[in-house]
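When reading the values below, keep in mind they use all heavy atoms of this one structure, side chains included, and skip hydrogens, waters and symmetry mates. Nothing here was measured: the structure is a model prediction, and the numbers come from that model.
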Amino acid sequence: MEISMPPPQIYVEKTLAIIKPDIVDKEEEIQDIILRSGFTIVQRRKLHLSPEHCSNFYVEQYGKMFFPNLTAYMSSGPLVAMILARHKAISYWKELLGPSNSLLAKETHPDSLRAIYGTDDLRNALHGSNDFAAAEREIRFMFPEVIVEPIPVGQAAKDYLNLYVTPTLLEGLTELYLAG
C-alpha cells in the first residue's frame, strides 16, 4: 500500500524595502548589496508618492510629531519600492538596515545601510517592514496587483478575483465578442 503525501509547500518570506527619495541615485549600489546579502528582488518599481499616499502608507505614525515632516520627505521625490525574498527576509533586512536613527546607527552599527546612507533620524535612507503583518500590508500598498503568499483562500480569494481578475476577463471577453 502506497501512502501519497502532498507535495511540500515551499514558502519564502517577503518584505518590503524602500530606497527613500534622497538616495535614489544610489539605487544600483544598494541593489548590489541586497543581492550579495542573499536576497532575491522579486519585484521593483520606481514611483513618486503624493503626500496623501505617504499619509496612507505611514498611517500608524499618524499623530506623532514627526508625521508631517515624514510625509513631506517621502513625497519630495521619486523612491524605489522592492519586494525582497529570502529565508527570514524581514529580520535579515532589518539587521542589514540597522537602527532607524541614522546617527545612532553610525555609532552602534557602522556597517549598516542606514549608517552608510542615512543622515539623521528622519532621513534614514531606507525603509523595511517591522513584522509579517506590516510586510503584507506594505507590499499590497506598493504592489496592489501582487499576490502575497500564502495564496488567499475563501473570502480573500473571492475579493482578489472580484477586484482584479473578473473586470479584466469581462473587458477582454466583451471585446472578443464585439470583434467576432
Side-chain angles (χ1 to χ4, degrees), residues 11-150:
Y11 177 75
V12 177
E13 191 173 87
K14 294 183 182 99
T15 191
L16 182 76
I18 297 176
I19 301 174
K20 295 184 178 180
D22 55 332
I23 64 151
V24 166
D25 61 323
K26 304 280 190 202
E27 177 186 353
E28 281 185 40
E29 200 175 299
I30 292 166
Q31 284 184 5
D32 186 49
I33 294 167
I34 289 168
L35 296 172
R36 283 189 286 119
S37 300
F39 289 95
T40 298
I41 300 172
V42 176
Q43 203 161 352
R44 81 169 269 299
R45 73 188 275 216
K46 196 173 203 172
L47 64 159
H48 193 143
L49 296 178
S50 68
E52 293 77 25
H53 276 107
C54 292
S55 295
N56 291 335
F57 183 77
Y58 286 107
V59 68
E60 68 279 346
Q61 307 295 338
Y62 183 77
K64 295 184 178 169
M65 292 289 285
F66 61 85
F67 185 77
N69 290 337
L70 176 64
T71 55
Y73 164 52
M74 291 300 290
S75 61
S76 67
L79 52 83
V80 177
M82 295 174 283
I83 301 173
L84 306 182
R86 72 165 278 174
H87 177 67
K88 296 187 176 180
I90 296 166
S91 60
Y92 279 114
W93 179 238
K94 284 171 68 172
E95 187 180 318
L96 194 58
L97 287 175
S100 60
N101 183 328
S102 297
L103 301 174
L104 176 66
K106 289 175 195 302
E107 290 175 24
T108 61
H109 297 75
D111 296 331
S112 70
L113 293 175
R114 286 179 173 150
I116 296 166
Y117 297 104
T119 49
D120 56 33
D121 194 16
L122 178 67
R123 286 172 165 52
N124 62 2
L126 297 133
H127 169 85
S129 304
N130 280 329
D131 54 36
F132 184 79
E136 239 183 18
R137 182 186 72 77
E138 293 172 356
I139 288 170
R140 279 199 181 99
F141 185 93
M142 292 291 179
F143 300 91
E145 71 289 348
V146 167
I147 295 179
V148 181
E149 289 183 82

Are [X] and [Y] packed together at the side-chain level, in the sense that at least one heavy-atom pair is separated by less than 4.5 angstrom?
| X | Y | result |
| --- | --- | --- |
| Val24 | Lys46 | yes |
| Tyr62 | Lys64 | no |
| Cys54 | Tyr73 | no |
| Met74 | Leu79 | yes |
| Met142 | Leu49 | yes |

So which heavy atom on [X] is nearest to which on [Y], and how close?
| X | Y | result |
| --- | --- | --- |
| Ser76 | Pro21 | OG-CB, 3.7 Å |
| Gly118 | Ser102 | CA-OG, 3.3 Å |
| Lys14 | Ile90 | O-CG1, 3.8 Å |
| Ile116 | Asp111 | CD1-O, 3.5 Å |
| Leu103 | Asp120 | CG-CA, 4.0 Å |
| Ala105 | Pro99 | CB-CD, 3.7 Å |

Quick check for you: to the nearest 0.5 Å, what is the distance between [X] atom [atom1] and [Y] atom [atom2]?
| X | Y | atom1 | atom2 | result |
| --- | --- | --- | --- | --- |
| Asn101 | Asn124 | CG | CG | 8.0 Å |
| Met82 | Ile18 | CE | CD1 | 9.0 Å |
| Phe66 | Tyr58 | CZ | OH | 9.5 Å |
| His127 | Phe57 | NE2 | CZ | 4.0 Å |
| Phe39 | Ile33 | CZ | CD1 | 12.0 Å |
| Leu84 | Thr15 | CG | OG1 | 6.5 Å |

Short N-O contact, Glu95 and Lys88, less than 4.0 angstrom: no
Heavy-atom count check: over 12 atoms from other residues, nucleotides or ligands less than 6.0 Å from Glu28 CD? no
side-chain hydrogen bond (donor to acceptor under 3.5 Å, both in side chains) partner of Tyr117, the single match among Glu29, Lys20, Arg123: Glu29
Please check if the side chain of Gln43 supplies one atom and the backbone of Ile83 the other of a donor-acceptor pair under 3.5 Å. no
Is there a side chain to side chain contact (heavy atoms under 4.5 Å, CB included) between Trp93 and Arg86 once you walk through the steps? CA-CA 10 Å; Trp93 179 238; Arg86 72 165 278 174; over 6 Å; no
Verdict with supporting geometry, Leu97 and His109, side chain to side chain contact (heavy atoms under 4.5 Å, CB included): CA-CA 9 Å; Leu97 287 175; His109 297 75; over 6 Å; no
